[in-house]
Every structure is written in C-alpha cells, then in structure tokens.
Amino acid sequence: MANVTIKNLGVTIAAQPGQSLLNSLLYEDVPIHTVCGGRARCGCCRVRLIDGQKGVSPVNKYETVRLSEHVIEQGWRLACQVHILRDITIYLPTADELDRDCSKKNS
Ligand code: FES
C-alpha cells in the first residue's frame, strides 16, 4: 500500500499502488470533484502534488491537453490520470477554487 496524504484536509489514506488517484480518493470518501467520470475531460479532479513527484505516473497527453504546461510545472495533475506508485502528499482544491461547473456533480 502507498500513503496519500491530503495536506489541507489533514487526512492520510492508504491506496493500492497502480490504482488511479481519483479512484483511491473516491473509495475513501475524500471529497474530490469529477464531472466526466475520469475521462480527462472536465479538469475538476485536479490536485497539486506537494511531495512525492516520483511517486506517481508521468504526465500523460490527456493532462497536457487539459492543463497548461505552466500549470503542470506548478505541480497540478489530473487525479483521474495519476497512478500512484509510492507515498505522496497532495493539496486538494476546495469547490471555491474550481470552475463553477465542477460543483454541479460532487462525487
Ligand atoms: S475526472 Fe474529469 S478530468 Fe479527471
């Protein structure tokens, strides 16, 4: 198992290595947003990697399309496209920090 610490919530969950970060968070009832259901279309699942950049899969082409290069350089990733390899620490945006459309469906 790998630990995923959500720093701004003060929560750590155990995740199955290889599982998507989105599914790991949803499984543990962490309030992450998704409108597209994990298809890299809505951008609502974005999280910022604070620590453990090498503990996740590399940025893929879907993230490059959805997030700008500048945003990716700041550590932002799409949780639905990130696969956990080792312990990581993330920042999970609140609903106020996301696009208004992200609040329409809250998983
Ligand atoms: S869940 Fe929509 S982009 Fe990740």
Side-chain angles (χ1 to χ4, degrees):
M1 298 298 264
N3 289 325
V4 177
T5 299
I6 304 102
K7 193 167 187 177
N8 55 311
L9 297 184
V11 170
T12 298
I13 64 166
Q16 194 74 32
Q19 189 174 36
S20 80
L21 178 56
L22 177 65
N23 285 340
S24 299
L25 295 171
L26 290 173
Y27 185 77
E28 295 292 337
D29 292 325
V30 174
I32 187 162
H33 294 75
T34 171
V35 172
C36 74
R39 290 176 290 163
R41 292 188 178 162
C42 67
C44 298
C45 69
R46 69 176 185 264
V47 300
R48 189 171 192 172
L49 268 174
I50 295 172
D51 194 28
Q53 278 74 3
K54 294 187 177 182
V56 295
S57 55
V59 175
N60 68 25
K61 64 181 179 184
Y62 303 109
E63 291 176 283
T64 305
V65 169
R66 178 56 55 194
L67 305 170
S68 72
E69 205 169 295
H70 175 68
V71 168
I72 291 171
E73 283 173 6
Q74 293 177 339
W76 292 95
R77 301 287 306 270
L78 295 178
C80 64
Q81 301 301 303
V82 169
H83 293 273
I84 303 161
L85 307 173
R86 289 188 288 274
D87 294 357
I88 59 172
T89 301
I90 64 170
Y91 172 82
L92 185 66
T94 63
D96 292 344
E97 297 174 276
L98 297 170
D99 296 339
R100 189 176 297 166
D101 288 346
C102 294
S103 297
K104 289 180 180 170
K105 282 187 184 177
N106 221 355
S107 295

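Whatever order the structure lists ligands and atoms in, that order sets their numbers, starting from 1. Quick caveat, the model's predicted, so the values are computed rather than measured.
- Sorted pairs that involve residues 4-15 and meet salt bridge (charged side-chain N to carboxylate O under 4.0 Å, His left out), not counting sequence neighbours, are lacking altogether.
- Transitive grouping of hydrophobic side chains (ILVMFWY, heavy atoms separated by less than 4.5 Å) keeps Trp76 and Ile90 in distinct clusters.
- Contacts classified as salt bridge (charged side-chain N to carboxylate O under 4.0 Å, His left out) and involving residues 73-97 (residues at least two apart or in different chains) are given here: Glu63-Arg77.
- On the SG-SG cut-off of under 2.5 Å, Cys44 and Cys102 qualify.
- Counting only distance, with no hydrogens or angles, the side chain of Asp99 and the backbone of Asp101 share no donor-acceptor pair below 3.5 Å.
- Every pair tested for side chain to side chain donor-acceptor pair (under 3.5 Å) that includes a residue from residues 36-57 fails, sequence neighbours excluded, so the list is empty.
- For atom 4 (Fe) of ligand 1, protein N, O or S atoms closer than 2.8 Å were enumerated as Cys45 SG, Cys80 SG, with waters left out.
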